Asks: 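Let me give you the structure first, and then I'll get to my questions.
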Amino acid sequence: MIEKRRGAMRLAACDAAARERGLSPGMTLADARARVPDVVAVQADVAADRVWLDAIADACDRFTPLVMVEPPDGLVLDMTGCLHRYDDEPALLVEVDAAMRRWASVARAAMAATPEGARALARFQMLPAPDEASALRRLPVAALELDSENHAGLRRAGFRTLCDLADRPMAPLAARFGGDLVDRLRRILGEGDSRLVPRRMPPALAVERRFAEPIATAEAALGVIGDLAAEVQAMLETRGRGGRRFVARLYRSDGHVTTLAIDSSRPLRDAQGIARLFVERVGSLNDPLDPGFGYDMIRLAVPRDEPLAVAQLALEGGATGKGADGEDIAALVDRLSTRVGARRVRRFVPRDSHLPEQTALALPAIEAPAPAPWPAPEPGEPPLRPLHMFDPPQPVEVIAAVPDGPPQRFRWRRTLHEVVYAEGPERIAAEWWRRAPGDHGLTRDYYRVEDGRGRRFWLFRHGLYGSERTDPRWYVHGLFA
Amino acid sequence: MNNMIDSLRLLRRRLALVETRDRATRGTAGSVPVGHGAIDHALGGGLMRGRLHELLAPADDAGAASGFAAVLARLIGGDIMWVVDEALWRREGRLHPAGLAAIGLDPARLIIVLLPDVSAVLRAAVDGLRCSTLGSVVIALPGDPRALDLTASRRLALAAEAGGVTALMLRLGGKPLPSAAQSRWQVASAPSLPLAGASPGHPAWTLELLRQRGRPDGGRWCVEWDSEQARLHDRDRAAATIADGAALPRTVVSLSPGRSAARAGASRRIA
């Protein structure tokens, strides 16, 4: 692996065989070629490394929900409360090691009370030690990962291990090598305060199932999700909550992780409903679920939940009543949104604006707020707003008797329309208070017109003739019924 | 021999039972009167609920087509799912909720589903039709898509019957094709009755009943939508009364909804 650093091609990383023959990271490529003429150099790809690290971090979710990535090549797993599954800490390390080997990575794993301690142990431990404290104290000063100047300074002052440093008073050390050294030392030794920033917030609720024998079909995996959904239902019921978002993560035995997420428009708890949405989700995937060598673990998490009262069973038959009449429609919206994507299923929400195209928003139905009342039409009036609206408005060629009068005929989509009836103008000003000072925007003069065949259009003139424009343009903005 | 006759009788009785049950589940649909005497008569009481109805319109008359579908959906009532092909939505403009509200349809009752191709539209429509809490499903399609064959339309019709939801299939620039629809209409916009100051009036359409299942087809009407009373009336008759009124030399009394018919009649007699 090579990369360009400080104007020269240098080795970024090398494998065990290269190390044996005297190469080391940081060496220039020319030097390396001189020592080993047949060295194979590959351009380093930082982005691909990061993707690979993220994939491994995903796979490490199976050990603990709290995974932190330390680029370029480290992962920190907070195992607090997750050890009950393993006999003891070494057993866990053995398992991590085996998993890493399976996923075609070489890793050094270590455990310590603090993330920095574990990091230092994983990277710099040379000799085995009887316990954690002495192992940490035996680490070389390189484990502090200071810059080269300070590091050389420490070596020159005769410090070899952390033990040498830890027994000294801290103040002179800080004065000589900077406060950074003291901070790092205290954190490695577990005396300082250290924080973890996990990649993902732990979900409100998660259930998982592990398999001794990986399951190799998508149907069986969906069946397991159904079982997990039943567990989730029971847990949500005791808490009086319902999930708005469910995430299923399928861990393949070769380290690949598939994530399936479903959203629901209302708090959902019904296991069958959840399972059905997951079936829809799998059906909508571009490439079908590939179990490969099989899934060895499946986890169902509820990252978003909301209060949901316990439903009362109907007296007869024991089934819950149909409830509010919107319930079934919400299920339909959920199903369609899962299958075709939430942005394709929409509801209109009114918006307070006098620009006609901004009076309504079409929001995804799954997120839309409760229906709001719409302004009632004027009684006795014909429709004053069109049924279809063009966005953006389409330009038309218009002939009018006078430049600021109603249109007489217009050409739209290569057809000439004679205006028989026209009403207007309805004058709508631009939103000058949202514009830059001095720029008032153009006023629109709207006309409702009807052509000879009875088609009704909504046309507008963009800009007032004379005061705003000498040659205002015309647009068709909508079609009436 | 006797045994055989017995078993035959048993079979017949069973068949009869199955048939009546079938009819019972299907017959609950009912129909929706549109308020126009001649059309309701031709339809045998009104537009049948829980069936597929096809609305054909010229390609350049999207406003009229959607307007008529919206009016029918308003008459049927309940929540509406409007499934549209995305290309059509872009070409003919999106639905404008204020315009829907202006013809009496509450935009809050509407779910819009925008889909990339016709087969997805048909699939989503079938899902919607099975959801019995909906009132109607409007399916807007461009012309004569290849995915819409007899099988597809039969699937829609069956789903509509199963869920009791009315399907209104709108085809812009479509030609009549064999389908499983209960009725097929040709819709086009008609010149409206102008209001004061020669301004365009209420929505008006020319309707033609091209065919319907199990009843004589044919019939052509020019109708106008009255959104206050939520009914269609005959545009020509309304035009005639206006023309009559114009011909008689009398004071024009505006007929506000609050005023009683008797008083209006009296004023005419005095004149």
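All chains are named by letter (A, B, ...) in the order of the sequence lines, taking the proteins before the strands, and each is independently numbered beginning at 1. The analysis underlying the following values was restricted to heavy atoms, covering all of them including side chains, and did not include hydrogens, waters or symmetry mates. Just so it is clear, the structure is predicted and the values come from calculations on it, not from any experiment.
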Asks: I need the minimum non-hydrogen distance between R456(A) and A190(B), along with the two atoms involved.
Replies: NH1-O, 3.2 Å
Asks: Under a 3.5 Å distance rule, please check whether R344(A) uses its side chain to pair with a backbone N or O of V113(B) as donor and acceptor.
Replies: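 Not at all, since once roles are kept as given, no pair shorter than 3.5 Å links the two residues.
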Asks: Side chain to side chain contact (heavy atoms under 4.5 Å, CB included) between I112(B) and V345(A): does it pass, once the steps are laid out?
Replies: CA-CA 6 Å; I112(B) 304 282; V345(A) 185; over 6 Å; no
Asks: Which region of W205(B), side chain (C-beta onward) or backbone (N, CA, C, O), has a non-hydrogen atom less than 4.5 Å from a non-hydrogen atom of chain A, or is it both or neither?
Replies: side chain
Asks: Between V333(A) and chain B, which part of the residue has a heavy atom less than 4.5 Å away: side chain, backbone, both or neither?
Replies: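 Only the side chain of V333(A) comes within 4.5 Å of chain B.
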Asks: Under a 4.5 Å cut-off applied to non-hydrogen side-chain atoms, are M81(B) and I329(A) in contact?
Replies: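 Result no, sub-4.5 Å side-chain heavy-atom pair not found.
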Asks: Count the heavy-atom pairs under 4.5 Å between each of R455(A), R335(A), E423(A) and chain B, then report the option with the highest count.
Replies: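 Winner by heavy-atom pair count: R455(A).
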Asks: Is any side-chain heavy atom of L110(B) closer than 4.5 Å to one of R347(A)?
Replies: no
Asks: Closest heavy-atom contact between L387(A) and G63(B)?
Replies: CD2-O, 3.9 Å
Asks: Considering all heavy atoms of both residues, which atom of P382(A) and which atom of P200(B) are nearest to each other, and what is their separation?
Replies: CG-O, 3.9 Å
Asks: Is the count of non-hydrogen atoms from other residues, nucleotides or ligands lying under 6.0 Å from Q272(A) atom CD greater than 12?
Replies: no
Asks: Determine, step by step, whether H96(B) and E357(A) satisfy the side chain to side chain contact (heavy atoms under 4.5 Å, CB included) criterion, reporting the C-alpha distance in whole Å, the side-chain angles of both residues, the deciding distance to 0.1 Å, and the verdict.
Replies: CA-CA 8 Å; H96(B) 186 51; E357(A) 66 271 24; over 6 Å; no
Asks: Mind ranking P107(B), A62(B), A102(B), G201(B) by heavy-atom pairs under 4.5 Å with chain A and telling me who comes out on top?
Replies: P107(B)
Asks: Quick one: are H202(B) and E381(A) in side-chain contact, heavy atoms under 4.5 Å?
Replies: no
Asks: Against chain A, label R130(B) side chain, backbone, both or neither, depending on which of its atoms sit under 4.5 Å from a heavy atom there.
Replies: neither
Asks: If you count heavy-atom pairs within less than 4.5 Å of chain A, which of A98(B), G197(B), C131(B), S227(B) leads?
Replies: C131(B)
Asks: Which value, rounded to the nearest 0.5 Å, describes the distance between I111(B) atom CD1 and L332(A) atom CG?
Replies: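 Those atoms lie 6.0 Å apart.
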Asks: When rounded to the nearest 0.5 angstrom, what distance separates OG in S199(B) from OH in Y447(A)?
Replies: 13.5 Å
Asks: Looking at S337(A), G341(A), G380(A), which one has more heavy-atom pairs under 4.5 Å with chain B than the rest?
Replies: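 Of the options given, most contacts go to G380(A).
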Asks: Would you mind telling me which of G67(B), A70(B), S66(B) has the largest number of heavy-atom pairs within less than 4.5 Å of chain A?
Replies: S66(B)
Asks: Pick whichever of A360(A), G424(A), A422(A) has the most heavy-atom pairs under 4.5 Å with chain B.
Replies: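 It is A422(A).
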Asks: Under the criterion side chain to side chain contact (heavy atoms under 4.5 Å, CB included), I'd like the reasoning laid out for Y421(A) against L195(B): C-alpha separation, chi angles, the key distance, then a yes or no.
Replies: CA-CA 9 Å; Y421(A) 306 121; L195(B) 303 174; over 6 Å; no
Asks: Please report the C-alpha distance between R453(A) and D60(B) in whole Å, then the side-chain angles of each, then the deciding distance to 0.1 Å, and finally whether the salt bridge (Lys or Arg N to Asp or Glu O under 4.0 Å) criterion is met.
Replies: CA-CA 11 Å; R453(A) 272 178 50 195; D60(B) 57 352; 3.5 Å; yes
Asks: Any side-chain heavy-atom pair from P97(B) and R385(A) closer than 4.5 angstrom?
Replies: no
Asks: Chain A heavy atoms under 4.5 Å from D106(B): which part of the residue, side chain, backbone, both or neither?
Replies: side chain
Asks: Looking at G128(B), A120(B), P116(B), which one has more heavy-atom pairs under 4.5 Å with chain A than the rest?
Replies: P116(B)
Asks: Mind ranking T359(A), T415(A), V340(A), D391(A) by heavy-atom pairs under 4.5 Å with chain B and telling me who comes out on top?
Replies: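 Winner by heavy-atom pair count: D391(A).
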Asks: Under a 4.5 Å cutoff for heavy-atom pairs, which residue among A204(B), A124(B), G93(B), A64(B) has the most contacts with chain A?
Replies: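 Going by pairs under 4.5 Å, I would pick G93(B).
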Asks: Can you confirm whether R346(A) sits close enough to R94(B) that some side-chain heavy atom of one is under 4.5 Å from a side-chain heavy atom of the other?
Replies: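 No - every pair of side-chain heavy atoms lies 4.5 Å or more apart.
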Asks: Is there side-chain contact between L100(B) and W374(A), with at least one heavy-atom pair below 4.5 Å?
Replies: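 No - every pair of side-chain heavy atoms lies 4.5 Å or more apart.
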Asks: Do the side chain of E450(A) and the main chain of S192(B) share a donor and acceptor less than 3.5 angstrom apart?
Replies: yes
